[in-house]
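Single-structure report; data block below.
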Amino acid sequence: MLILGMVLPVFSILGLYAITHDYPAHQVGKLLGIRQSVIPLGGIVAGTVFPLLIVAGLFPVLGGMGVMICGMTLLLLIAVRRAPSTSSVNLSKEATFHASLRILWPVGLVAFLLGAGQFSVLVFGLFYLHTLAVHAAWIGGVLFGLFLAGGFLARIVAGFLVDGVLSLKHVFSTILMIGALTMIIWGCFPDHPVVWGILCFSFILGIGIVGYNALPFQWAASLVGHHQKGRVMGIMSAVAGLSITLWMPVFGMIVEIWGYRAMWYVLAILYVAALVVVLRYAGLSTSNQATAQPTVD
């Protein structure tokens, strides 16, 4: 699993790099939104189809899929090796790396604060439903499906909006406000909630908690030059993974000590903190952002 976890993120980083590096800036938003929305869609399909294959005794089909993925990996490696090299830029790697970190700290902080939001709902949500006396398995399945569907739609819409309709700052802050408010409401649900109400609410919850997903990558890509896109996408992906790794155990301890509602409120606070950073720094030029960064004596 460790090796698999080290290999699979390469596909994600390559996709992010290809979009931010090879496409014009006015198309990056919609392409990132579509790309990020396809990821949960693939999860929904896999989560639905794979159990049915196992129940039907077609488990070897999964092995065939594994072989197909390995073949696609080899083809990707061949394509990358044969791709024409970009023109080299005569810059100090250490200097450009440190400059990237100075410029990226606001968007990196936002990605770290928000990274575990989606996974917290998916991991702890079903147990939370049991505390609300909702025990029907189909309700949990439909709820999480609607949750992911809300995020799926929001990512695409947000991508199209930031490509010329609204600024990234306005779209990002709106989604974060929805996320913080819906998370507070989610933590205040009474026992035995109305089924149709909680299902409809889960769609809005998905918009606020998952809908922002592509925006940090577009924000980060807009802050650096063409030759730094790959490095920046790698840094942002690493921050998102680090966020999940660190926050999920913390959320688990909060649940053990204070309960699920307290965990949802803490998550709402993280979204509010990210909202403050977005309102303060998103939309600033690179020079202004470097000037606005906190200094250490």
Side-chain angles (χ1 to χ4, degrees), residues 36-37 39-55 113-158 172-213 243-275:
Q36 295 299 105
S37 66
I39 296 174
L41 181 62
I44 294 173
V45 173
T48 303
V49 174
F50 286 4
L52 295 177
L53 292 176
I54 295 173
V55 171
L113 293 172
L114 302 177
Q118 172 183 349
F119 294 92
S120 66
V121 176
L122 296 176
V123 172
F124 297 105
L126 190 59
F127 300 103
Y128 178 58
L129 290 179
H130 282 286
T131 67
L132 301 179
V134 178
H135 302 297
W138 72 267
I139 296 178
V142 175
L143 185 146
F144 293 129
L146 290 172
F147 171 77
L148 292 174
F152 170 82
L153 179 63
R155 294 179 191 189
I156 295 178
V157 173
F172 207 160
S173 59
T174 300
I175 293 176
L176 293 184
M177 284 189 284
I178 295 173
L181 181 60
T182 52
M183 188 53 66
I184 294 173
I185 298 174
W186 176 242
C188 295
F189 262 101
D191 294 342
H192 304 282
V194 179
V195 173
W196 66 265
I198 195 172
L199 292 179
C200 293
F201 175 79
S202 65
F203 184 84
I204 303 174
L205 182 67
I207 293 175
I209 299 301
V210 189
Y212 76 89
N213 189 269
S243 172
I244 299 169
T245 303
L246 296 182
W247 280 118
M248 293 304 289
V250 172
F251 291 156
M253 289 187 288
I254 293 174
V255 169
E256 291 290 335
I257 299 173
W258 292 293
Y260 290 100
R261 297 183 188 274
M263 187 201 69
W264 304 131
Y265 299 148
V266 169
L267 193 57
I269 293 173
L270 294 180
Y271 270 67
V272 171
L275 173 62

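Note that these values count all heavy atoms, side chains included, but never hydrogens, waters or copies made by symmetry. By convention here, the first residue in the shown sequence is residue 1.
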Check your understanding: Between Leu114 and Leu270, is a side chain to side chain contact (heavy atoms under 4.5 Å, CB included) present by the stated rule, with each step listed?
Key -> CA-CA 7 Å; Leu114 302 177; Leu270 294 180; 5.8 Å; no
Review point. Side chain to side chain donor-acceptor pair (under 3.5 Å): which pairs involve residues 130-154, sequence neighbours left out?
Key: His130-His135
Practice item. Starting at OG of Ser173, measure out to CD1 of Ile178 and round the result to the nearest 0.5 Å. Key: 10.0 Å
Practice item. Quick one: pull up CG in Leu148 and CG in Leu143 and give me the separation to the nearest 0.5 Å. Key: 10.0 Å
Exercise for review: Nearest 0.5 Å please: distance from the CG atom of Leu275 over to the CG atom of Leu113.
Suggested key: 11.0 Å
Review point. What's the shortest heavy-atom distance between Leu267 and Phe251, and which atoms?
Key: CD1-CZ, 3.6 Å
Check your understanding: What distance do Leu176 atom CG and Ile209 atom CD1 have between them, rounded to the nearest 0.5 Å?
Key -> 9.0 Å
Practice item. Name all residues meeting the side chain to side chain contact (heavy atoms under 4.5 Å, CB included) criterion together with Phe119; count only those two or more places apart in sequence or in a different chain, and write none if there are none. Key: Ile244, Met248
Point to revise | Distance-minimising heavy-atom pair for Gly211 and Ile175 | key: O-CD1, 3.7 Å
Check your understanding: Counting distance only, does the side-chain N/O of Arg261 pair as donor-acceptor with the main-chain N or O of Phe189 below 3.5 Å?
Key -> yes
**Study point:** Atom of His192, atom of Ala133 and distance for their closest heavy-atom approach
**Key:** CE1-CB, 3.3 Å
**Study point:** Spacing of OH belonging to Tyr260 relative to OH belonging to Tyr265, to within rounding of 0.5 Å
**Key:** 15.0 Å
Exercise for review: For Ile198 and Leu129, work out which heavy atoms get closest and say how close.
Suggested key: CD1-CD2, 3.6 Å
Check your understanding: Under 6.0 Å between ring centres, would you say that holds for Trp264 and Phe124?
Key -> no
Point to revise | Spacing of CZ belonging to Phe152 relative to CD1 belonging to Ile207, to within rounding of 0.5 Å | key: 12.5 Å
Point to revise | Heavy-atom closest pair, residues Val121 and Phe144 | key: O-CE2, 3.5 Å
Exercise for review: Verify, without hydrogens or angle tests, whether Tyr128 (side chain) and Trp186 (backbone) share a donor-acceptor contact under 3.5 angstrom.
Suggested key: yes
Point to revise | For Val210 against Gly151, the heavy-atom pair lying closest together | key: CB-CA, 3.8 Å
Practice item. For Val272, enumerate each residue passing the side chain to side chain contact (heavy atoms under 4.5 Å, CB included) test, keeping only those at least two apart in sequence or located in another chain. Key: Ala180
